[in-house]
Amino acid sequence: MARRNEEVEALLLEYADLIAITGGDAFKQRAYERAARAVRGHAADVSRLGAKDLREIPGVGKSIADKIDEYLRTGRLAALDETRAAVPPGVRQLMSVPSLGPKKAMTLYRERGIASVGELADAIRENRLKGLAGFGPKTQENILRGIEVARGSGGRVLLDAATALAEEAVAGVAAAPGCERCTAAGSLRRMRETIGDIDILAAARDPEPLMAAFTALPLAAEVVVRGRRKTSVRTAAGVRLDLRVLPPEAWGAGLVYFTGSRQHNVRIREIAVQAKLKLSEYGLFDAETGDRRAAGTEEEVYAGLGLPWIPPALREDRGEVAAARRGELPEPVALDAIRGDLHTHTDLTDGLASLPDMVGAAAARGYAYYAVTDHAPDLRMQRMTKEKILAQRAEVRELAGRHPGLRLLHGTELNIGPDGGVDWPGTFLAGFDLCVASVHSHFRLDRDAQTRRLIAACENPYVNVIGHLTTRKIGSRAGIDADLDAVFAACARTGTAVEVNGHPNRLDLRDEDILRARRHGVKFAVDSDAHSTGELGNMRYGVGTAQRGWLTVDDVINTWPPERLARFLHAPGRTTPPGTRP
DNA sequence: GCCGTTTTCGGCCCGACTGTTTTCAGTCG
């Protein structure tokens, strides 16, 4: 059974939203939000903690601990049920539209009876918001655009949520009697940034016990299809999972078929037809005799087509089949090639874990180097000061001795201002081992201004990495508008790496933009942007995205040995390497 | 609602942007 922390987090966040919508105390609302975040980041499973232990979680006091305990014991929360009765669920859903917060959501409900995003879109199109204070033409236009962005993600779930569901399903099915193999296929195996249906593939002589195990999963709220070879279930949140069971001898062919993409499958089937073969999920066959040529493993199937095995993340019909035929397929960077993380936070700013805990978790991952990059002062809410970050540096230097084999880098995540300037002058930046610089504000500058500010940041000799360059948030915020080719050219020219941010709601750069940047000769840093020890694991999604962008170890600076990384960070003409640097 | 080497009460995350209510409320990071 999965950890219940996320479930409790969702409950507390809902309660916090309802406090805001009903005009409750803003500090109380924030207290619930803070507690929700802390629960999510807490190392232990909350369902194993009593009310007393729950209070050990920072931000969780008596009242919230009792509520969590009540919910875990009874499955209900009386206080929440009471508030829910006053506010239809659709009103909270309105807040998912950018530019709509609790006040506007409640106004729409109270004044116009609007209680869902669909009703809101209709009301705007039918001009029914006319005369409603705070909803002028510009606002209405922004709301409609926001709804479009949200719909673009069309019921798809983020990679981490899909991964968690798939792992639970695979574990359940694999434990069924007679199951020989079981794995996730489809877009999840290809590490697409969002997942529609989750495809689970299994091999067994007798599919029946597997189907029974699948429909009995706790996550299966509803059985949509129940057949001998294929069964589909839906979670309470509406995510659909499909299980296909194949005969064991067809495992490889089935895996190729159900991993896709559809376009990739079309491409390789064309090759099969040219070779007088037929390719299906049951194998690669001689078109005339019907003899099976290959089916057991993916390698055999591709080899039967005259191709090397193609890594799943590349199977998007972006030229990988042609590259494979020419023998020019890249060897994509693998998770175990990552030697360190170059963008992480601690509780000095908005992280949840202390510096020693984050460093300890990095050491446990076997990293050779690790950078701490807390927020700089221009992100006002973080209240950073020179004194605080220098004190942290002293602490980092002290910790360095305690983890042999792990080089600690003291860095910061700077804010790229509208003019391309950053928080601190060069004299102060020179003291950092590494500077990430990211856009956190002024998302709506025009294209020229965005391009100029990013290029200016690249030209800052102390900036080593541009963090989450487009600042998009999947499903909720489009990226900034900039001439990416001009920015990538500047990155390549100045020796500034571009980040592949592994946070599942960012994955920024996205795969297509990575492919573009790579053509400019840009180097990359694949980072977790972790705000808790658990989020260091988001590196896997960053690596998956890097693979989709065809990146190799040579492209990714944090796969390099420490000496090569140091040469990149402190190349001549960039910054002066102090003696203490790696 | 949480929290405390100044506090068990009185603070708590601050500033910018946006559209529009022409003096500011709401939203966002």
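Since the model is a prediction, treat every value here as computed from it, not as a measurement. Throughout, protein chains are lettered first and strands after them, A, B, ... in sequence-line order, and every chain is numbered starting at 1.
- Taking the C1' atom of each, dG26(B) and dT20(B) are spaced 11 Å apart, rounded to whole Å.
- Contacts of Asn142(A) with the nucleic acid, taken as non-hydrogen atoms under 4.0 Å apart, involve only primed sugar atoms and P, OP1 or OP2.
- Rounded to an integer number of Å, the gap from NE2 of His531(A) to C1' of dG29(B) is 11 Å.
- Arg477(A) has a side-chain polar atom (N or O) that falls below the 4.0 Å cut-off from OP1 or OP2 of dG29(B).
- OP1 or OP2 of dT20(B) has at least one side-chain nitrogen or oxygen of Thr139(A) nearer than 4.0 Å.
- The backbone N or O of Arg506(A) sits less than 3.5 Å from a side-chain atom of Arg472(A), completing a donor-acceptor pair.
- Atom-to-atom distance recorded for Asp423(A):CG and Ile416(A):CD1 is 10.0 Å, nearest 0.5 angstrom.
- Among dT27(B), dG1(B), dG29(B), the nucleotide with an atom closest to any side-chain atom of Leu379(A) is dG29(B).
- Comparing dC13(B), dG1(B), dG26(B) by their nearest atom to the side chain of Arg30(A) picks out dC13(B).
- Protein atom NZ of Lys138(A) is 16 Å distant from nucleotide atom C1' of dT21(B), rounded to whole Å.
- Here the separation of dC14(B) from dC9(B), taken at their C1' atoms, is 23 Å to the nearest Å.
- Positionally, the nearest nucleotide of DNA chain B for Pro418(A) lies more toward the 5' end than for the other of Pro418(A) and Gly134(A).
- Listed nucleotides: dC17(B), dT20(B), dG1(B). Nearest to the side chain of His442(A): dC17(B).
- For the atom pair OG1 of Thr496(A) and OH of Tyr462(A), the computed distance is 13.5 Å after rounding to the nearest 0.5 Å.
- When the P atom of dG4(B) is taken as reference, atom CZ of Arg55(A) falls 11 Å away, rounded to whole Å.
- Distances from the side chain of Phe443(A) to the nucleotides dG29(B), dG1(B), dC13(B) place dG29(B) closest.
- Closest-nucleotide positions on DNA chain B for Ser99(A) and Arg444(A) were compared, and the one nearer the 5' end corresponds to Arg444(A).
- With distances taken from any side-chain atom of Arg383(A) to the nucleotides dG1(B), dT20(B), dC13(B), the minimum falls on dC13(B).
- We find that the ring of Phe27(A) and the base of dC12(B) stack, their centres lying under 5.5 angstrom apart and their planes tilted less than 30°.
- Between the P atom of dC17(B) and the CG atom of Asn415(A) lies a distance of 13 Å, rounded to the nearest Å.
- Of the C1' atoms belonging to dT18(B) and dT23(B), the separation is 14 Å, rounded to the nearest Å.
- A salt bridge does not link Lys52(A) with Glu56(A): every distance from a Lys NZ or Arg NE/NH1/NH2 to an Asp or Glu carboxylate oxygen is 4.0 Å or more.
- In summary, Glu193(A) and Arg548(A) do not engage in a salt bridge, as defined by a charged side-chain N under 4.0 Å from a carboxylate O.
- Nucleotides dT7(B) and dC12(B) have their C1' atoms positioned 13 Å apart, rounded to a whole Å.
- Rounded to whole Å, the distance from CZ on Arg145(A) to C1' on dG19(B) is 13 Å.
- To the nearest whole angstrom, the two P atoms, one in dC17(B) and one in dG11(B), are 29 Å apart.
- The partner of dC28(B) is dG15(B), by the rule that a Watson-Crick or G-U pair needs both atom distances under 3.5 Å.
- Comparing dC13(B) with dT8(B), their C1' atoms sit 23 Å apart, to the nearest whole Å.
- Met95(A) CE to Asp17(A) CG: the interatomic distance, rounded to the nearest 0.5 Å, is 4.0 Å.
- With values rounded to the nearest 0.5 angstrom, Asp69(A) atom CG is found 9.0 Å from Thr74(A) atom OG1.
- The separation of dG1(B) from dT6(B), taken at their P atoms, amounts to 28 Å, rounded to a whole angstrom.
- Within the nucleic acid shown, Ser441(A) has no heavy atom closer than 4.0 Å to any nucleic acid atom.
- Remark: the separation of the C1' atoms in dG15(B) and dG10(B) is 23 Å, to the nearest Å.
- dG26(B) atom P lies 10 Å from atom CZ of Arg110(A), rounded to whole Å.
- When each of dG1(B), dG26(B), dC17(B) is scored by its nearest atom to the side-chain atoms of Lys103(A), the top-ranked nucleotide is dG26(B).
- Atom pair Leu100(A):CG and dC28(B):C1' shows a separation of 13 Å (rounding to whole Å applied).
- Taking atom CE on Met384(A) and atom P on dC13(B), their separation rounds to 15 Å, with Å as the unit.
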